[in-house]
**Q** 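Sharing a structure with you now.
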Amino acid sequence: MPIYKAPLREYRFLLNELLDFSQYASLPGFADAPADLVDAILEEASKLAEEVLLPLNQIGDREGCKLENGVVTTPKGFKEAYQLLVDGGWPALVADTAYGGQGLPNALGVIFNEMVSSANMAFGMYPGLSHGAYSALSQHGTREQQEKYLPKLVTGEWTGTMNLTEPHCGTDLGLLRSKAVPVGDGSWKISGQKIFISAGEHDLADNILHLVLARIEGGPEGVKGISLFLVPKFLVNDDGSLGNRNGVSCGSLEEKMGIHGNATCVLNYDEAIGWLVGEEHKGLRAMFTMMNEARLGVGLQGLSQSEAAYQNAVAYAVERIQGRSLTGPKEEGKPADPLIVHPDIRRMLLDIKSFNEGARALLVWTALHGDLSHRSDDDKTREFGDDMMALLTPVLKGYFTDRGFMNAVDAQQVYGGHGYIEENGLSQFVRDARIAMIYEGANGVQALDLVGRKLAQNGGRAVFAFFKAIDDFAAENGGNEKLKPFVEPLLRARKDLEAATLWFMENALQNPDHAGAGSTPYMHLFGVTGIAFMWAKMAKVAHDKLAAAKDGDRAYYETKIKTGRYYMEHVVPETATHLVRIRHGADPMMALAANEF
Ligand SMILES: Cc1cc2nc3c(=O)[nH]c(=O)nc-3n(C[C@H](O)[C@H](O)[C@H](O)COP(=O)(O)OP(=O)(O)OC[C@H]3O[C@@H](n4cnc5c(N)ncnc54)[C@H](O)[C@@H]3O)c2cc1C
């Protein structure tokens with residue numbers, strides 16, 4: 001069975017040393033999360049991930065979900081594991097105290113989710129989607145809806161889904177056909193077919209709250225006529241008890257490449273009773289709350305598969321003996337040296353390790369700024385938090401999942417043929433990681449969101465705030481000899497990113513295809529620069545702590561610095577290539593007529 005150990009030392013480094021959580025102790029939620037409590041939470045979460053969810057990962061992959069007589073059963077052990085999750089109060093971790101949540105910062109929530117997803121990505125999607133539904137309802141629902149539905153989502157007794165996709169309507173939601181007709185008593189009848197709905201039907205919870213995009217009959221065409229509805233699987237009586245089964249049913253389950261433990265459903269709505277969430281025709285705005293949250297959650301899935309695959313690849317590389325080191329035998333007593341002596345094996349492992357640690361820092365840093373955007377009492381801090389969340393969401397979704405998949409493939413490569421067969425579990429990481437590049441807005445669309453929307457918002461305020469954060473760090477630390485190997489490459493990456501940003505500003509308006517052509521390289525350029533920024537910050541902390549550190553800590557900081565050096569020297573140079581590609585623009589891409597492909 002594949003291994004997974006939650007990287008607790010990494011989390012402690014991020015929370016206590018890099019981000020210094022204690023400085024926010026006066027803010028709501030943070031006040032309830034002193035270091036010792038956070039530590040206890042991390043320990044307990046790691047046990048759930050390692051002892052309960054990990055052993056179910058391969059079972060879920062092999063068994064998959066089953067549909068019989070309209071009832072979906074999840075793989076063996078999922079129901080019991082879900083109950084343990086509920087009993088442990090985990091779905092309530094970051095939910096509002098007003099609805100029974102613990103109100104802790106979302107930065108802790110993403111750490112918990114990473115552990116769950118590394119151990120068992122398919123399982124993690126059930127509570128993950130519920131939390132998205134919770135957020136949409138808590139921001140856009142009526143008081144009555146919130147009081148009726150949120151407490152059960154918070155305990156995890158009920159789960160949630162998001163229903164956008166239809167057979168003819170994926171990225172382009174303007175094509176959506178599901179319709180809503182008013183009943184006259186404040187409720188609506190929803191009809192239509194949704195496909196690919198994750199966690200759409202299952203046996204884990206008593207009720208499922210579907211958040212469904214539909215067009216009000218007679219409403220405007222295109223995205224301007226889309227509304228959001230809440231459609232429970234079982235109608236809920238005024239006293240909170242469950243009533244009749246609603247007119248929504250699972251028509252079939254998709255056979256798919258990975259995440260077999262998660263039910264991907266065709267859902268048929270046949271005059272199902274629903275309630276409007278938010279305003280008529282403004283459904284996309286409400287759904288975006290859910291989608292933005294889900295996008296961070298999907299970015300995290302990329303990291304989670306990269307981490308799980310990496311841990312296994314390292315264990316294999318130190319055990320498997322094959323060939324001799326180029327510089328002479330390293331283990332004379334053995335017929336060959338372990339794989340870990342070979343530079344090319346190290347290249348793959350270090351590409352993954354340096355990504356994982358830097359990406360995790362960027363994820364938690366972004367989530368922390370998301371927390372500050374609504375918990376801080378300082379206007380500037382709130383604005384910066386909002387800007388970073390908006391700007392970095394497509395980067396984290398798109399870049400982390402592109403890399404997450406590539407890293408799972410590299411980890412598989414470390415195993416040679418033993419990674420391709422199913423027995424060792426590497427194939428599952430590759431198959432599971434693949435979907436994260438596609439759903440929640442395919443990565444090409446994330447890149448367009450970044451270049452087409454996020455750069456221009458508020459006159460470019462967010463991207464310039466990001467540059468300034470880097471500049472402030474460089475101004476403060478550029479004179480420190482020990483940090484030069486970090487600050488100099490960071491500034492080169494930042495220069496490439498700025499040049500690419502300005503190139504879009506100068507060229508994309510007159511020819512929007514230039515934006516489309518360069519958007520994926522730009523998203524990757526942004527991802528590398530963001531991670532380089534985190535590595536520079538982490539190197540500073542590690543150097544500062546090194547002098548007084550003892551034994552284990554000393555080794556930890558030294559490894560951190562060495563890993564960061566690798567990232568700066570072997571990964572950051574990519575930014576120059578991305579810039580060249582962006583500057584070549586759309587012409588070479590658009591030169592072929594459709595029949596020349
Ligand atoms: C396992 C699984 C689970 C899913 N879970 C859910 C769920 O829970 N809820 C839900 O609503 N949906 C879900 N989906 C659907 C998923 O979000 C869509 O598949 C995805 O949004 C892409 O839509 P599409 O498949 O129709 O592809 P299309 O929209 O046809 O896109 C095909 C390709 O074209 C690109 N493309 C499309 N339009 C443009 C454009 N304007 N510019 C540039 N490139 C473009 C895309 O990036 C993509 O690469 C799930 C899908 C799968 C496979």
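Residue numbers start at 1 and run along the sequence shown. As the structure lists them, so they are numbered: ligands from 1, and atoms in each ligand from 1.
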**Q** Is Gln145 reaching over with its side chain to a backbone N or O of Leu276, donor-acceptor style, under 3.5 angstrom?
**A** yes
**Q** In a table with atom names and distances, give each donor-acceptor pair under 3.5 Å that connects a side chain of residues 123-140 to protein atoms at least two apart or in another chain.
**A**
unit_1: Tyr126; atom_1: OH; unit_2: Gly261; atom_2: O; d: 2.8
unit_1: Tyr126; atom_1: OH; unit_2: Ala263; atom_2: N; d: 3.1
unit_1: Ser130; atom_1: OG; unit_2: Tyr126; atom_2: O; d: 3.1
unit_1: Ser130; atom_1: OG; unit_2: Gly160; atom_2: N; d: 3.1
unit_1: His131; atom_1: ND1; unit_2: Glu293; atom_2: OE2; d: 2.3
unit_1: Tyr134; atom_1: OH; unit_2: Asp96; atom_2: N; d: 2.6
unit_1: Ser135; atom_1: OG; unit_2: His131; atom_2: O; d: 3.2
unit_1: Ser135; atom_1: OG; unit_2: Glu293; atom_2: OE1; d: 2.6
unit_1: Ser135; atom_1: OG; unit_2: Glu293; atom_2: OE2; d: 3.3
unit_1: Ser138; atom_1: OG; unit_2: Tyr134; atom_2: O; d: 3.1
unit_1: Ser138; atom_1: OG; unit_2: Ser135; atom_2: O; d: 3.1
unit_1: His140; atom_1: NE2; unit_2: Thr289; atom_2: OG1; d: 2.6

**Q** How would you list, by chain and number, every residue that makes a ring pair (Phe, Tyr, Trp, His ring centres under 6.0 Å) with Trp275, sequence neighbours excluded?
**A** none
**Q** Can Asp61 and Arg431 be counted as an ion pair, charged N to O under 4.0 angstrom?
**A** yes
**Q** Pairs under 3.5 Å, N/O atoms on ligand 1 and on the protein: can you put them in a table with the distances?
**A**
unit_1: ligand 1; atom_1: 5 (N); unit_2: Phe196; atom_2: O; d: 2.7
unit_1: ligand 1; atom_1: 5 (N); unit_2: Ser198; atom_2: OG; d: 2.8
unit_1: ligand 1; atom_1: 8 (O); unit_2: Ser198; atom_2: N; d: 2.9
unit_1: ligand 1; atom_1: 8 (O); unit_2: Ser198; atom_2: OG; d: 3.3
unit_1: ligand 1; atom_1: 9 (N); unit_2: Met162; atom_2: O; d: 2.8
unit_1: ligand 1; atom_1: 11 (O); unit_2: Leu164; atom_2: N; d: 2.8
unit_1: ligand 1; atom_1: 11 (O); unit_2: Thr165; atom_2: N; d: 3.0
unit_1: ligand 1; atom_1: 11 (O); unit_2: Thr165; atom_2: OG1; d: 3.1
unit_1: ligand 1; atom_1: 12 (N); unit_2: Thr165; atom_2: OG1; d: 2.7
unit_1: ligand 1; atom_1: 14 (N); unit_2: Phe196; atom_2: O; d: 3.4
unit_1: ligand 1; atom_1: 29 (O); unit_2: Thr171; atom_2: N; d: 2.9
unit_1: ligand 1; atom_1: 29 (O); unit_2: Thr171; atom_2: OG1; d: 2.5

**Q** Is it the case that the side chain of Lys194 and the backbone of Leu164 share a donor-acceptor pair, with hydrogens and angles ignored and the cut-off at 3.5 Å?
**A** yes
**Q** Report the residues that fulfil ring pair (Phe, Tyr, Trp, His ring centres under 6.0 Å) with Phe526, sequence neighbours left out, ordered by chain and then residue number.
**A** Phe466, Tyr522
